[in-house]
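To keep things clear, I will list the structure first and then write my remarks on it.
None of these values were measured; they are calculated from a predicted model.
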Amino acid sequence: MTPLEAVDVNASDLIAQGNALEDAGQLPQALQRYEAAIALEPRFARAHLNRGNALLASGDTDAAVDAFETALAHDPDYAAGHFNLGNAHARLRQPGAATAAYRKAIALNPDFVDAHVALGALLDDGRQYSAAVAHYRLALAIRPGYAEVHSNLGKSLRELGQFEDALAGYGRALEINPGYAEGHSNLGNVLKDLGRLDEALACYRRALELAPAFVEAHSNLLFLLNYRTDADPHLALAEAQRYGASVTEHARSYGTWPNSREPGRILRIGFVSGDLRDHPVSYFFEGVLAALANMAPCRLELFCYSNHPLYDSTTRRIQSHFDGGWCATEDMTDAALAERMRNDAIDILVDLSGHTAHNRLPVFAMKPAPVQLSWLGYFGTTGVSAMDYLIADPWTLPPSEEANFTERIWRLPETRLCFTPPDVPLEVTPLPALSNGYVTFGCFNNLSKMNDRVVALWAQVLHATPGSRLFLKSPQLKEVSVQQGLCTAFVAHGITLDRLVLEGLSSRAEYLACYQRVDIALDPFPYTGGTTTVEALWMGVPVLTLQGERFLSRQGVGLLMNAGLPEWIASDPADYVLRATAHAADLHALARLRSTLRQQVLASPIFNANDFARHFETALRGMWHAWCSQQAVRVDSSTGSP
């Protein structure tokens, strides 16, 4: 390229040169060309726009906003300027300003496909799914062959509980582009929601065939295995180890850390999650975090790495407890995030996601912190060899199960889960059966957990309890086709439709209020309830669980033992039916339990955040002591000391 000072060109030529340099990844040189064009023609809006794009690509988002605003000052009707300004505001997590900019771009150019798509994605992130669907449909009316937008449309429709329409959206995306790996993975997600597990598994495997390093699809596959009644834990471990080997292969792993090896000093603890919002993980985390923050000034310094763009009232409350800092990570590469953690000098890094959505397990594979552990959000091994520990308790993970984990197991003394009481003004009501004249069993778990064996066992419970009803509530039950399929499954076991009550998605307050219509909650298997179990207990509804052998299938055991309800744990399917009928037959005992159950569980370990925080801090300190001791041994070995 000829040196800039020797080039005798006009502003448009300079912009063309800048574009070529930007395409080649030479951002500083491209910026130089754009700034030269601006020097020649200060009011040239396109030059300011291109300068803003280069600044945005280089990570200087604030300067990019200034450049876009300058472009619009010179040309207020510049639709591309408003669109790019929206992109910059979205990068800065300013959804209101981004939305306004995208809407202005669309008002100036109603056929601006990318603006419709960007606005749809922003609305989807903000849980405004119907509005997102509207903009995706407008984009597709203009450009019907846009596979990625068909997939985006499917995602928003899935969130709305319109699963059949979501299937159609993903199907259309794959008709247009059969090699679209993300489309196959997304299709697998909605098939999983509908309980079509074999088809979902095939979709994830196809996505991985197309993109072997597609870690989200691999996590989706591992998560799906939890739902299968025929899952072999040894095969699941092998699959998790394949995931771990894949992310480790692509990771630049840190082998040493500058952290001071002082066992008793203040520890810098980093929490990594994509669920610090109105989400079950936050229901279990918020109270514990507040208790940790109260003890933190003299023992812990808390940092957060949040991997989801949505900030709601729950996020703001949680954010206030992180004295060390809050880092929004969804736009950061794995390498950049790992380096940020290193710069923050994190001593112990805590994964709250496992193989659930928005996880950052590839960052853990880089080992940016000396000690790393997985807790709370997932019920299996991560398969990542750099993950040192997994948090369990005495009830949920038997010693015989430890061989199915790549992590070392660290057991807390009472429970691995501690719930935050819902901030919903709902009272426990009298036992419904006393006024109804029949017992209502209920389950509000995700419908994907209700496999054929669960349906068969619950049908036995209904047959053994004359006149009883079964109340099922799940997002998928908004779909008529899903309701029909579930009804068909129960009818095949001799259960008439008048004994079923089916309801779909509702707000959390409305959902909790529905427990006022339930006498006994039934836990599915092998994927037992967690959030739903604790919420049922808080609403005065006891939960009957089937004791399993695996970590995942023993969550109900852990919760009920800690709640002081061992008589609600069945040892096998026959015992499940016997206990269900026995409890249902003694309405007076059931009514007494209902009247005191909220107070009982609030006083139990599963709601005692202060005790849990102390146990958790003790575990962190123990892990840190172990690491310090290991480092001391290595130093002695390397120097030949005895």
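T248 contributes a side-chain N or O that, together with a main-chain N or O of G244, makes up a donor-acceptor pair within less than 3.5 Å. A donor-acceptor pair under 3.5 Å links the side-chain atoms of T315 to the main chain of D312, judged by distance alone. Checking side-chain atoms of R261 against main-chain N and O of P258 turns up no donor-acceptor pair under 3.5 Å. For Q372 (side chain) and A386 (main-chain N/O), a donor-acceptor pair under 3.5 Å exists by modelled atom type. Between the side chain of W375 and the main chain of R416, a donor-acceptor pair closer than 3.5 Å is present. Side-chain atoms of R268 never come within 3.5 Å of backbone atoms of L302 as a donor-acceptor pair (strictly under, hydrogens ignored). Counting only distance, with no hydrogens or angles, the side chain of S58 and the backbone of A54 share a donor-acceptor pair below 3.5 Å. Put simply, the side chain of S629 gets close to the backbone of H625: a donor and an acceptor are under 3.5 Å apart. Listed for the D347 side chain is no donor-acceptor partner under 3.5 Å among the backbone atoms of L267. A donor-acceptor contact shorter than 3.5 Å is absent between the side chain of K192 and the backbone of L224.
Judged as a salt bridge (charged side-chain N to carboxylate O under 4.0 Å, His left out), the pairs with a partner in residues 379-400 (not counting sequence neighbours) are, in order, K367-D388, D388-R408. Among residues at least two apart or in separate chains, salt bridge (charged side-chain N to carboxylate O under 4.0 Å, His left out) pairs with a member in residues 207-221 are R206-E209.
In this structure F379 satisfies the ring-ring contact (aromatic ring centres under 6.0 Å, His included) test with no other residue, sequence neighbours excluded. Residues passing the ring-ring contact (aromatic ring centres under 6.0 Å, His included) test with Y227, sequence neighbours excluded: F223, Y527. For A619, the side chain to side chain contact (heavy atoms under 4.5 Å, CB included) partners are W410, L412, M623, not counting sequence neighbours. Listed by chain and residue number, D344 satisfy the salt bridge (charged side-chain N to carboxylate O under 4.0 Å, His left out) test with R340 (two or more places apart in sequence, or in another chain). Remark: S282 engages L276, T314, I318 in a side chain to side chain contact (heavy atoms under 4.5 Å, CB included) (not counting sequence neighbours). Remark: H321 engages no residue in a ring-ring contact (aromatic ring centres under 6.0 Å, His included) (not counting sequence neighbours). T333 meets the side chain to side chain contact (heavy atoms under 4.5 Å, CB included) test with A335, A336; sequence neighbours excluded. Residues passing the salt bridge (charged side-chain N to carboxylate O under 4.0 Å, His left out) test with E402 are R411, sequence neighbours excluded. H355 is linked by a ring-ring contact (aromatic ring centres under 6.0 Å, His included) to Y243, Y378, counting only residues two or more places apart in sequence or in another chain. Residues that satisfy the side chain to side chain contact (heavy atoms under 4.5 Å, CB included) test with P421, not counting sequence neighbours, are W538, L602, F607.
Between V601 and V534 the shortest side-chain heavy-atom distance does not fall below 4.5 Å. Inter-residue side-chain proximity for F303 and F271 is flagged as unmet; no heavy-atom pair is nearer than 4.5 Å. Residues L373 and L620 have side chains in contact (heavy-atom distance under 4.5 Å, counting atoms from C-beta outward).
Side-chain N/O atoms of D124 and S156 include a donor and acceptor closer than 3.5 Å. There is a side-chain donor-acceptor pair under 3.5 Å between Y511 and E535. In this model, no donor atom of one side chain and acceptor atom of the other lie less than 3.5 Å apart for S604 and N562. Under 3.5 Å, the side chains of N446 and S448 contain a donor-acceptor pair of N or O atoms. Neither side chain, D523 nor Q555, offers a donor N or O lying under 3.5 Å from an acceptor on the other. Side-chain polar atoms of S374 and D351 form a donor-acceptor pair below 3.5 angstrom.
Taking both residues in full, the closest heavy atoms of V288 and C418 are given as CG2-CB, 3.7 Å, listed atom of the first, atom of the second, then distance. Nearest heavy-atom pair, A369 versus I346, reported as atom, atom and distance to 0.1 Å: CB-O, 3.6 Å. Residues S260 and E262 share a closest heavy-atom pair of OG-OE2, 2.6 Å. Between T61 and A88 the shortest heavy-atom distance is CG2-O, 3.5 Å. Closest approach of D275 to S353, counting heavy atoms only: OD2-OG, 4.3 Å. What you find for A609 and G287 is that their closest heavy atoms are CB-O, 3.5 Å.
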| said: Could you go through T229 and N451, starting from their C-alpha distance and side-chain angles, then the distance that decides it, and tell me whether this counts as side chain to side chain donor-acceptor pair (under 3.5 Å)? | reply: CA-CA 8 Å; T229 57; N451 54 68; 5.3 Å; no
| task | Show the numbers, then the answer: is there a side-chain contact (heavy atoms from CB on, under 4.5 Å) between E617 and L300? | result | CA-CA 8 Å; E617 195 267 345; L300 306 174; 3.7 Å; yes
| What do the steps show when you test T381 against F551 for side-chain contact (heavy atoms from CB on, under 4.5 Å), and what is the final call? | CA-CA 10 Å; T381 184; F551 187 37; over 6 Å; no
| request: Go through the steps for N84 and N53 under the test side-chain contact (heavy atoms from CB on, under 4.5 Å), then give the verdict. | output: CA-CA 7 Å; N84 289 3; N53 289 340; 2.7 Å; yes
| field | T356 and N359: CA distance, side-chain angles, deciding distance, side chain to side chain donor-acceptor pair (under 3.5 Å) verdict | value | CA-CA 6 Å; T356 62; N359 76 70; 5.8 Å; no
| said: Test side-chain contact (heavy atoms from CB on, under 4.5 Å) on Y129 and R158; report intermediate values, then the result. | reply: CA-CA 9 Å; Y129 302 118; R158 178 189 178 213; over 6 Å; no
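With rounding to the nearest 0.5 angstrom, the CZ atom of F419 is 10.0 Å from the CG atom of L537. Within the model, atoms CZ of F284 and CG of L376 stand 7.5 Å from one another, a figure rounded to the nearest 0.5 Å.
Ion pairing between a basic and an acidic side chain is recognised when a charged N comes within 4.0 Å of a carboxylate O; R252 and E339 show such pairing. Between R93 and D331 there is a salt bridge, with a side-chain nitrogen of the basic residue lying less than 4.0 Å from a carboxylate oxygen of the acidic one. Ion pairing between R127 and E159 fails under the 4.0 Å rule for side-chain N and carboxylate O.
L337 pairs in a side chain to side chain contact (heavy atoms under 4.5 Å, CB included) with only one of the listed residues (E330, M366, R360), which is R360.
For the pair R342 and Y254, the cation-pi criterion (under 6.0 Å, within 45° of the ring axis) is fulfilled.
Summarising the local packing, CG of D232 is surrounded by more than 12 heavy atoms from other residues, nucleotides or ligands at distances under 6.0 Å.
F612 and F616 have parallel rings, their planes meeting at less than 30° on a 0 to 90° scale where 60° marks the start of perpendicular.
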